[in-house]
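Below is one structure, written out as structure tokens; the observations come after it.
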Amino acid sequence: TYVVIASFYETLITGINGQDGAYLAQNLIQKNFKIFGILRRGSTPKNERLLKLKIHNKIEYLRCDLTEHQTLQYYIEKIKPNYIYNLAAQSFVQYSFENPFNTFKVNFEAVLNILETLRKTNLKKCKFYQASTSEMFGNVVKNNNKLINLNNRFEPVSPYAVSKLFSHHLVKLYRDSYNLYASTGILFNHESPLRGNEFVTKKIVENLVNQKFKNGPVLQLGNIDAARDWGHAKDYVESMVKIMEQKKPDDYIIASGKLHSVREFFLIVAKYLDFQPKFIGKGFNEICIDQISKKVLMKISKRYYRDNELFNLKGDSSIARKKLKWKPKYTFKKMVKEMIDTEIDQ
Ligand code: GDD
């Protein structure tokens, strides 16, 4: 007699070509999972991050708009996945102020769509992960010695954060009402060489490397005294996997617990590239010059200021560290260095 041992689990990832989707796919492929990735409809498939990680041909692609209920239900019923990770989102906070409709459509309707499908098709064995975010807390903690934990209230201050909070509550509703396995990871900022260049870390790295080696244009930034709790995306996708390994569904905060300002991030990158940065002036007139070449490296632009800003977004991940035995491998410095070195090599 033969014993058939399943060598992989069917896993569906939405937003598979995003920073987190790509690293998660890589992580799970190494663990022998079978990956299905949802890509937006369009003439050419957008899978450049999967190409970079050289995993593009290890994934089965499904073309679907996540807000189309019937198509999504068809795929889910066909695959009967063991896991669904919902990482697709309109994830740029600033853009959400300009286009709240689109932000809500993707960030809320897609979640409702998946959860409804799971409920209707009675796919109880399927575990669902929702990408929640630290943005949902807003400025709830004012004292910068304090870390944000699950007992804090949610006080979203952007259309993006409101849409994510809607979905966060929806997950809990489906978990409690229909007994679905639906968990969330409330992730604080996480960066990597795969980060999109509209986000501040990648924007700074890409621009300063271009200024250094290709005579690129001056960097324009918004509020450089804003600060964030920045971890590495590779460590954070590992926490998602661990969340899904738990017997019971739950919500977890994933964070580094350390705060760094945009100014500090900029200085580390500039110094690593052998510039001698010096800030001059104040407010909107502040600039940064390189003391060696006397060139202006950075100037402030009102355009990149937010209608509402977050000041103390620093998370307490002690429960995740204890219960999930999650431990990040990257330090802040190591992450920044990897981002710069990769940018130089490109
Ligand atoms: N993007 C950007 N561009 N941000 C700037 C700039 C600029 O030129 N100048 C200053 N900043 C400041 C922003 O005001 C913000 O305070 C901070 O840099 C970080 O901005 P982003 O990198 O755009 O990320 P985010 O914190 O708004 O959101 C990211 O993290 C969240 C997790 O907490 C996104 O990944 C979200 O999707 C995610 O939920």
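Bear in mind the structure is a predicted one, so any value in this text is a computation, not a measurement.
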Next item on the list: Quick one: pull up CD1 in I186 and CD in Q130 and give me the separation to the nearest 0.5 Å.
Entry: 10.5 Å
Margin query: Any salt bridge linking K334 with D341? Criterion: basic side-chain nitrogen under 4.0 Å from a carboxylate oxygen.
Written below: no
Notebook entry, point to check: Under the 3.5 angstrom rule, does the side chain of K142 hit a backbone N or O of N139 as a donor-acceptor pair?
Noted result: yes
Margin query: Is it the case that over 12 heavy atoms from other parts of the model lie below 6.0 angstrom from the OH atom of Y178?
Written below: yes
Check: How far does CD of Q70 sit from OH of Y75, to the nearest 0.5 angstrom?
Finding: 13.0 Å
Notebook entry, point to check: Between T184 and D251, is a side-chain hydrogen bond (donor to acceptor under 3.5 Å, both in side chains) present by the stated rule, with each step listed?
Noted result: CA-CA 5 Å; T184 71; D251 307 310; 2.7 Å; yes
Notebook entry, point to check: Under the 3.5 angstrom rule, does the side chain of K164 hit a backbone N or O of A131 as a donor-acceptor pair?
Noted result: yes
Notebook entry, point to check: Thinking salt bridges, do R195 and E191 make one under a 4.0 Å N-O criterion?
Noted result: yes
Note to self: Could you check whether Q211 and N207, counting side-chain N and O atoms only, form a donor-acceptor pair closer than 3.5 Å?
What the structure shows: yes
Notebook entry, point to check: In Å, rounded to the nearest 0.5 Å, how long is the span from CD1 of I16 to CG of L87?
Noted result: 8.5 Å
Checklist line | Distance-only polar pair, side chains of T14 and N86, donor-acceptor under 3.5 Å | finding: yes
Next item on the list: Output yes when K202 and E343 qualify as a salt bridge under the 4.0 Å nitrogen-oxygen rule, no when they do not.
Entry: yes
Next item on the list: Tell me, with the steps shown, if E60 and K34 meet salt bridge (charged side-chain N to carboxylate O under 4.0 Å, His left out).
Entry: CA-CA 8 Å; E60 200 160 313; K34 163 88 182 140; 3.1 Å; yes
Margin query: Test your reading of the model: is there a side-chain donor-acceptor pair from N17 to the backbone of K46, 3.5 Å cut-off?
Written below: yes
Note to self: So, taking the atom named OG in S192 and the one named NZ in K234, what distance separates them when rounded to the nearest 0.5 Å?
What the structure shows: 9.0 Å
Check: Do E116 and Y174 have side-chain atoms, one donor and one acceptor, less than 3.5 Å apart?
Finding: yes
Note to self: Side chains of I38 and R63, heavy atoms from C-beta outward: is any pair under 4.5 Å?
What the structure shows: no
Margin query: Under the criterion ring-ring contact (aromatic ring centres under 6.0 Å, His included), I'd like the reasoning laid out for F166 against F104: C-alpha separation, chi angles, the key distance, then a yes or no.
Written below: CA-CA 9 Å; F166 250 67; F104 255 85; 5.5 Å; yes
Notebook entry, point to check: Is a side-chain donor-acceptor pair under 3.5 Å present for N27 with E238?
Noted result: yes
Check: Rounded to the nearest 0.5 Å, how far apart are OH of Y83 and NZ of K125?
Finding: 10.0 Å
Notebook entry, point to check: How about F128 and Y181: are their ring centroids closer than 6.0 Å?
Noted result: no
Next item on the list: Give a yes or no on this: more than 12 heavy atoms of other residues, nucleotides or ligands lie within 6.0 Å of atom NZ of K146.
Entry: no
Note to self: Between R306 and E98 (salt bridge meaning N to carboxylate O under 4.0 Å), is one present in this structure?
What the structure shows: no
Check: Regarding N47 and Y61, is there a side-chain donor-to-acceptor distance under 3.5 Å anywhere?
Finding: yes
Check: Linking I/L/V/M/F/W/Y whenever any side-chain heavy atoms sit under 4.5 Å apart, do L28 and V237 land together?
Finding: yes
Notebook entry, point to check: Does the side chain of V269 come within less than 4.5 Å of F275's, by heavy atoms?
Noted result: no
Checklist line | CD1-OG distance between I148 and S134, expressed to the nearest 0.5 angstrom | finding: 7.0 Å
Checklist line | Side-chain donor-acceptor pair present, Y252, K323, cut-off under 3.5 Å | finding: yes
Check: Have Y330 and E338 got a donor and an acceptor in their side chains that come within less than 3.5 Å?
Finding: yes
Check: Is it the case that one hydrophobic cluster holds both L72 and I59, taking links as side-chain heavy atoms less than 4.5 Å apart, direct or via other members?
Finding: no
Next item on the list: Check whether the side chains of T117 and Q73 place a donor and an acceptor atom closer than 3.5 Å, and report yes or no.
Entry: no
Next item on the list: Answer yes or no: is there an ion pair linking D290 with K294, defined by an N-O contact shorter than 4.0 Å?
Entry: no
Margin query: Grouping I, L, V, M, F, W and Y whenever their side-chain heavy atoms are under 4.5 Å apart, do M335 and L259 come out in a common cluster?
Written below: no
Note to self: Using ring-ring contact (aromatic ring centres under 6.0 Å, His included), reason through W230 and F265 one step at a time and then give a plain yes or no.
What the structure shows: CA-CA 10 Å; W230 277 302; F265 191 96; 5.4 Å; yes
Check: Shared ILVMFWY cluster between Y23 and M339, side chains joined below 4.5 angstrom?
Finding: no
Item checked: Exceeds 12 heavy-atom contacts within 6.0 angstrom, atom CD1 of I319 -> no
Check: Can you check side-chain hydrogen bond (donor to acceptor under 3.5 Å, both in side chains) on K120 and H69, steps first, answer last?
Finding: CA-CA 12 Å; K120 284 204 301 208; H69 189 64; 3.1 Å; yes
Notebook entry, point to check: Has the side chain of N152 got a donor or acceptor atom that lies under 3.5 Å from a matching backbone atom of N149?
Noted result: yes
Notebook entry, point to check: Is the closest basic N to carboxylate O distance between K78 and E10 below 4.0 Å?
Noted result: no
Note to self: If only side-chain N and O atoms count, and only distance matters, is there a donor-acceptor pair under 3.5 Å linking D229 with S256?
What the structure shows: yes
Next item on the list: Start with the C-alpha distance between N189 and Y236, add both sets of side-chain angles, then the distance that settles side-chain hydrogen bond (donor to acceptor under 3.5 Å, both in side chains), and finish with yes or no.
Entry: CA-CA 9 Å; N189 294 48; Y236 285 38; over 6 Å; no
Margin query: Show, in sequence, the C-alpha distance, side-chain angles and deciding distance for Q90 and T103, and conclude whether the side-chain hydrogen bond (donor to acceptor under 3.5 Å, both in side chains) test is met.
Written below: CA-CA 5 Å; Q90 189 305 94; T103 304; 3.1 Å; yes
Item checked: Of H190, H260, H232, the residue whose pairing with F332 passes ring pair (Phe, Tyr, Trp, His ring centres under 6.0 Å) -> H260
Notebook entry, point to check: Is K242 atom NZ crowded by more than 12 heavy atoms from other residues, nucleotides or ligands, each under 6.0 Å away?
Noted result: yes
Check: Quick check: are there more than 12 heavy atoms from other residues, nucleotides or ligands sitting under 6.0 Å from OH of Y74?
Finding: no
Margin query: Between D65 and R40 (salt bridge meaning N to carboxylate O under 4.0 Å), is one present in this structure?
Written below: no
Next item on the list: Without swapping roles, check the side chain of K127 against the backbone of Q246 for a donor-acceptor pair under 3.5 Å.
Entry: yes
Next item on the list: Quick one: closest heavy-atom pair of V93 and Y160, and the distance?
Entry: CG2-CD2, 3.7 Å
Check: Do D235 and K327 have side-chain heavy atoms sitting under 4.5 Å apart?
Finding: no
Next item on the list: Verify, without hydrogens or angle tests, whether S167 (side chain) and N107 (backbone) share a donor-acceptor contact under 3.5 angstrom.
Entry: yes
Check: Are L173 and L112 grouped together when hydrophobic residues (ILVMFWY) are joined by side-chain heavy atoms under 4.5 angstrom apart?
Finding: yes
Check: Between Y95 and E198, does a side chain to side chain contact (heavy atoms under 4.5 Å, CB included) hold up when you go through it step by step?
Finding: CA-CA 10 Å; Y95 176 74; E198 65 273 41; over 6 Å; no
Check: Is it true that a side-chain atom of S317 and a backbone atom of I254 form a donor plus acceptor pair closer than 3.5 Å?
Finding: no
Note to self: Whether the side chain of K203 engages the backbone of Q220 through a donor-acceptor N/O pair (distance < 3.5 Å, no angle test) should be reported.
What the structure shows: yes
Margin query: For L310 and R228: C-alpha separation, side-chain torsions, deciding distance, then whether side chain to side chain contact (heavy atoms under 4.5 Å, CB included) applies.
Written below: CA-CA 9 Å; L310 301 183; R228 286 293 184 278; 4.0 Å; yes
Notebook entry, point to check: Is the Y129 ring parallel, tilted or perpendicular to the Y85 ring (thresholds 30°, 60°)?
Noted result: tilted
